[in-house]
Amino acid sequence: MRISEETGLIQQQVLDIVQRTLDYIAETVAKGRKVELRNFGVFEVKVRKARIGRNPNHPGTNVPIPQRSIVKFRPGKEMREAVLRLTPKEVKEARAQEQSNNSSL
């Protein structure tokens with residue numbers, strides 16, 4: 001809604017543009033390629049090594065966990081600095097606001 005108000009575009013147009021952007025990012029990352037958005041961050045695929053885990057229901061039992069690919073996100077410098085300036089109180093208030101917005105839907 002904010003983008004629509006600031007640009008004068010119809011909300012449906014903004015939704016289509018944002019959704020296509022996210023789809024292209026997901027498609028590129030799913031092909032194993034890195035996506036860098038300047039001043040925002042980097043999405044990339046990393047491979048986790050195979051390892052041995054433990055079954056929480058049977059702690060004595062080892063469970064082999066196979067190698068797998070995961071998506072990693074590294075925030076850009078500006079985002080990282082903005083988040084570092086947040087206080088625990090601000091984070092708590094933002095989460096409370098988010099929950100109240102979700103419960104009113």
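Sequence positions, counted from 1, serve as the residue numbers for this chain.
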For a quick test of your reading: what N or O donor-acceptor pairs under 3.5 Å do the side chains of residues 3-15 make, sequence neighbours left out?
| unit_1 | atom_1 | unit_2 | atom_2 | d |
| --- | --- | --- | --- | --- |
| Ser4 | OG | Leu9 | O | 2.5 |
| Thr7 | OG1 | Ile3 | O | 2.7 |
| Thr7 | OG1 | Leu9 | N | 3.2 |
| Gln12 | NE2 | Asp16 | OD1 | 3.1 |
| Gln13 | OE1 | Ile10 | N | 3.0 |

Handout entry: Residues that Asn55 engages under side chain to side chain donor-acceptor pair (under 3.5 Å), provided they are two or more places apart
Key = none
Exercise for the section: Could you pull out all residues at least two apart from Tyr24 that satisfy ring-ring contact (aromatic ring centres under 6.0 Å, His included)? Expected result: none
Handout entry: Residues that Arg38 engages under salt bridge (Lys or Arg N to Asp or Glu O under 4.0 Å), provided they are two or more places apart
Key = Glu36
Problem - Inter- and intrachain pairs under side-chain hydrogen bond (donor to acceptor under 3.5 Å, both in side chains), touching residues 60-76, at least two apart - result: Glu44-Arg74, Arg54-Asn62
Practice task
Any pair with a residue in residues 19-29 that passes salt bridge (charged side-chain N to carboxylate O under 4.0 Å, His left out), sequence neighbours left out, goes on the list, sorted by first then second residue, please.
Solution key: Glu27-Lys31
Handout entry: Option from Val42, Val29, Val71, Val45 for which side chain to side chain contact (heavy atoms under 4.5 Å, CB included) with Val35 holds
Key = Val29
Practice task
Mind jotting down which residue pairs meet the ring pair (Phe, Tyr, Trp, His ring centres under 6.0 Å) criterion with at least one end in residues 59-78? Sequence neighbours excluded, please.
Solution key: Phe40-Phe73, Phe43-Phe73
Handout entry: Sequence neighbours excluded, every pair satisfying ring pair (Phe, Tyr, Trp, His ring centres under 6.0 Å) that has a member inside residues 47-68
Key = none
Handout entry: Pairwise side-chain contact, Val47 with Ile70, heavy-atom cut-off 4.5 Å (strictly under)
Key = no
Handout entry: Approximate separation, where rounding is to 0.5 Å, of Gln97 CD and Gln99 CD
Key = 10.5 Å
Using distance only, find each side-chain donor-acceptor pair of residues 78-94 under 3.5 Å and give its atom names and separation, not counting sequence neighbours.
| unit_1 | atom_1 | unit_2 | atom_2 | d |
| --- | --- | --- | --- | --- |
| Arg80 | NH1 | Pro75 | O | 3.1 |
| Thr87 | OG1 | Glu90 | N | 3.2 |
| Thr87 | OG1 | Glu90 | OE1 | 3.4 |
| Glu90 | OE1 | Thr87 | N | 2.9 |

Problem - Which residues share a side chain to side chain contact (heavy atoms under 4.5 Å, CB included) with Glu98, sequence neighbours left out - result: Asn102
